[in-house]
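Here is the structure we will look at.
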Amino acid sequence: MLRTPDAVRDAERWTAHNYHPLPVVISSAEGAWLTDVDGRRYLDCLAGYSALNFGHRHPQLIAAAHDQLDRLTLTSRAFIHDQFAVFCRELAQLCDKDLVLPMNTGAEAVETAIKVARKWGYQVKGVPAGQANIVVAEGNFHGRTTTIVSFSTDPDARDDFGPYTPGFTVVPYGDLDALAAAIDDNTVAVLIEPIQGEQGVVVPPEGYLPGVRRVCTERNVLFLADEIQSGLGRTGETFACAHEGVVPDMYLLGKALGGGIVPVSAVAANADVLGVLKPGQHGSTFGGNPLACAVATEVVRLLATGEFQRRSAELGERLHAGLRELLGRGLVAVRGRGLWAGLDIDPALMTGRQACERLMERGILAKDTHGSTIRLAPPLVITAEEIDHALAQLAAVLTGTS
Ligand SMILES: Cc1ncc(COP(=O)(O)O)c(C=O)c1O
C-alpha cells in the first residue's frame, strides 16, 4: 500500500483537479473514526457531507448489504424485484407521502423534482407550454448538472458551463417578500434548501419556511424541499422543515439515504404530484436497484426508531454550546441545528482551509467552504466525549496553542 505522500502525488497525477482534498489518504473506518494508510486515526467531523449520518460501516447497514450482495444486485426497472416495494413503502411512510421515486445521486433527485414540477405545471396547473418557471434562492447548492448549475449563484459552479437552462428565478434566501414577488402565474415550484449547507449551514429566519409554505399554497405552487443534506436526522428531526412544522409538497432526499454504502436518492410526494409521470418519461438504470433498496430500507428503519434524531438534537446542543464559547476567541459566527454547524473563523487569523489543515494535524477532519467558513457535520453516532475532544482541538487551533 502506498504511504501518504506517494498516494497524494498519484491522486494529483491521475485525476482531474475538480476537488482540492486535504492531503490525507484514508484506508479504513468504523463509526466516527477514520484510519489513514500510515495508521493515523482521525475523528470524522464531515461525515461525507452528511452521507454518513449513521457512521462508517454501521453493522445493520453492512449486514443488509452483505445479505443482498449474496442474492441479487441489479435488475433494472424493466422488472420488479423483491426489495423495491418494501423500500418505497417504508420511505413513503417515513415522509408521510403517497409515492416515492428512487434515483441515485442527489443531483438526479433535484432533476427529477424539476421535471415533475414542470410536468405538473403544464398538466395540472395549466401553465402554457414552455412557460414554466421555478423560484430558487441565492447561495443555493443543488448539485452539478448543467440545468442545476444554470441557477447557481456561485461563479465557480456556474461560469463557463453555459448555455444555461432557462426557467429559473433567483431571489435572496430568507426573504419571503422577494420570494412572493417573484411568483407569477407560470410559477410551478419554489425549490429551496431548508438550511443552506454548502453556503455555510445558513439557517433562514424563523417564520421563513412556514411563510414559503403559505405562499406556495395560496399561489398553487409546489414547495420542493431539498433535504438532501439537511434531512434524515442531521438537524435533530427527520426533516429540517419539521423544526417549524412545515410539510413541503415534495421531499428531495439523498446522501444519508444510501447509508454511506451506495448512492441512493429519491423524491417523495403525493399522487397528485408524482402521479404525473408516465412510463418512458423519466428513469434511471440503477435507480431503485436491489442493493440500494436493501440498504436504504435499513436506513429508513434506523430513522424510524428516532434514536438518531434524538442524538443529533441532544449532542447538537453540546456542540453548539461549545462552539458559542469560542465566539470572540477565533470564531466570529456560529450557525446551525443539531449536529450540523457552520463556523466563521476570524479571517485575520487564518483561512478555513488553513484551519482544516491544522485540525487534520490534530486528528480532526472537517471541510472549509467559502473562504473562512468551516462546516462540522459529524456522524450522528459520535459521543459526547468525542465532541468535547473535537471542540478542544478546534480551540487549540484557533488560539494557536501547541
Ligand atoms: C442540498 C443538496 N442538494 C443536492 C446535492 C447534490 O447531491 P449529489 O452530490 O449526490 O449529486 C447536494 C450535495 O452536496 C446538496 O447538499
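Index from 1, following the sequence. Note that ligands are numbered from 1 as they come in the structure, with each ligand's atoms numbered from 1 the same way.
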With T399, which residues qualify under side chain to side chain donor-acceptor pair (under 3.5 Å), at least two apart? T401
Regarding Q309 and T238, do their side chains bring together a donor and an acceptor under 3.5 Å, going by distance alone? yes
Checking side-chain polar atoms at under 3.5 Å, does S152 have a donor or acceptor matched by the opposite partner on R158? no
For ligand 1, what are the residues with a heavy-atom contact below 4.0 Å? T105, G106, A107, F141, H142, G143, E193, D226, I228, Q229, K255
Between T297 and R301, does any side-chain donor sit less than 3.5 Å from a side-chain acceptor? no
Which residues pass the salt bridge (Lys or Arg N to Asp or Glu O under 4.0 Å) test with R318, sequence neighbours left out? D388
Of all pairs that satisfy side chain to side chain donor-acceptor pair (under 3.5 Å), the ones with a partner from residues 323-339, not counting sequence neighbours: R335-D344
